[in-house]
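Below is one structure, written out as structure tokens; comments come after it.
Counting convention: from 1, in listed order, for ligands and their atoms alike. We count residues from 1, following the sequence as given.
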Amino acid sequence: MIPHSVSFVGLVCTILVLTAGLFAPASAAETAAATRDRAGLVPNAGASGAAAQPPLAVVLKFDDLREVDGVMPTGWERLAHYLRRTGIKGAIGIVADSLLQPTPAYLHWIKAQHAAGLIEFWFHGWDHLSYTSDGMRYNEFVRPYRDQASRVARSQHLARQKLGFDFSTFGPPGGPGKGSFNADTLRLMVRDPDLRVMLYPTRLDAAGRAAVATAAGKLTILERVHGVDLESPIGVPNFDNVRRGIEQHPERGYFILQGHPARWDTTQFSEFERIVDYLIARRAVFMTPTELAAALRRLHVPRTAISDAAAPD
Ligand SMILES: [Zn+2]
């Protein structure tokens, strides 16, 4: 067992140094899991340099995929084209009610990206709408357990029916209301048989650590570091912000970097490309949430070490 004095970030750093072996040349002793992992990462750009810095796992988390008045915003196609051209992996959050009456082109586009294997589509709420109760405004997943569960079930049903796959990863939608999830969300993440990864909006906290411990290996929470995102302010890619944020946390083994590509114009998209160039130079390995969670789980980290460790901030 790892002593409690080992912080979670230190632990993750160790994990990622260990996972660096996943990207090393094949050896006779290689495990089947490592072979599968590397096979999944072969078309992925990054981690190609011989720089002195250790590899850094990065999940590019793109939010809010949906059609607007029957048209998918052009930013999504620009993003998918860029990911294909560069061979970089990413993760796109679908607002699930966009699958209720989708255009054939929208469904075709999602299925084609899914089949190409570079993008993981994750569940970003049923309608991403906030609501008012007793004079207070709340975001979508701040509501009772049964209401959350029915939104998840409806969304998974539609995904299976319209896309032919379901979601493994959940990232709660934010908005103008209070919070983006509650204790019932964590209970649901522990119990739901299909959702195995949660994109946390913050650093892991006591409630998240307790949920991970209760789930006994079923649930992995990927935390986000405040202020280290693709965008600053929200909607505006910001190279300086990403570089500063990553350099301020040299101890971290992974970052979940959030952005909203539907909002980016061509100049802002160029800023995003500048960020990716920097990440590649920084030896980033771009992973989907499911891949990163699997890499973390496979290393047999004692869950108590994660659940008991103090979050640094
Ligand atoms: Zn969102």
Side-chain angles (χ1 to χ4, degrees), residues 58-69 71-80 83 90-100 102 106 109-110 113-114 119-132 137-143 147-148 151-152 154-156 158-159 163 166-182 184-186 188-189 195 197-203 208 221-238 241-242 255-265 268-269 272 275 288-290:
V58 171
V59 173
L60 297 172
K61 171 186 184 273
F62 303 111
D63 290 24
D64 301 349
L65 176 65
R66 60 180 148 198
E67 291 183 294
V68 180
D69 298 328
V71 178
M72 186 177 72
T74 55
W76 291 110
E77 182 49 49
R78 186 160 49 209
L79 173 72
L83 296 178
I92 294 181
I94 299 182
V95 181
D97 72 352
S98 68
L99 300 172
L100 267 178
Y106 180 62
W109 185 85
I110 296 173
Q113 308 311 318
H114 176 74
I119 295 171
E120 176 181 349
F121 290 93
W122 50 276
F123 174 49
H124 192 38
W126 168 253
D127 57 17
H128 205 312
L129 294 178
S130 58
Y131 67 99
T132 301
R137 196 131 184 91
Y138 300 96
N139 291 320
E140 185 186 348
F141 273 76
V142 184
R143 58 185 356 126
D147 296 346
Q148 295 191 36
R151 280 165 186 259
V152 170
R154 246 183 294 163
S155 302
Q156 294 284 38
L158 261 186
L163 301 174
D166 53 24
F167 302 113
S168 302
T169 300
F170 172 56
K178 191 169 184 287
S180 63
F181 69 96
N182 62 18
D184 285 324
T185 316
L186 291 173
L188 185 56
M189 289 301 298
L195 295 173
V197 182
M198 183 170 176
L199 297 166
Y200 227 50
T202 60
R203 297 291 275 265
I221 290 179
L222 301 177
E223 58 177 1
R224 228 163 86 228
V225 180
H226 178 71
V228 190
D229 275 315
L230 295 173
E231 302 169 335
S232 180
I234 287 177
V236 182
N238 186 328
N241 186 67
V242 172
F255 287 92
I256 311 295
L257 302 178
Q258 175 178 289
H260 301 78
R263 305 190 197 180
W264 302 345
D265 62 22
Q268 290 167 332
F269 197 87
F272 163 67
I275 292 169
T288 65
T290 298

- [ ] Go through the steps to decide whether Arg154 and Arg151 satisfy the test side-chain contact (heavy atoms from CB on, under 4.5 Å), and finish with yes or no.
- [x] CA-CA 5 Å; Arg154 246 183 294 163; Arg151 280 165 186 259; 3.6 Å; yes
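Checked by atom type, the side-chain pair Glu140/Trp126 shows no donor-acceptor distance below 3.5 Å.
Counting just the N/O/S atoms of His124, the one with the shortest distance to the Zn ion (ligand 1) is named NE2. Sorting the N, O or S atoms of Asp64 by how far they are from the Zn ion (ligand 1) puts OD1 first.
Between Asp64 and Arg66 there is no salt bridge, since none of the side-chain N atoms of the basic residue sits less than 4.0 Å from a carboxylate O of the acidic one.
Not a single N/O/S atom of Asp63, whether from backbone or side chain, sits less than 2.8 Å from the Zn ion (ligand 1). Among the atoms of His128, an N, O or S atom is found under 2.8 Å from the Zn ion (ligand 1).
Taking the ring centre of Trp264 as origin, the terminal cationic atom of Arg78 falls outside the region bounded by 6.0 Å and 45° from the ring axis.
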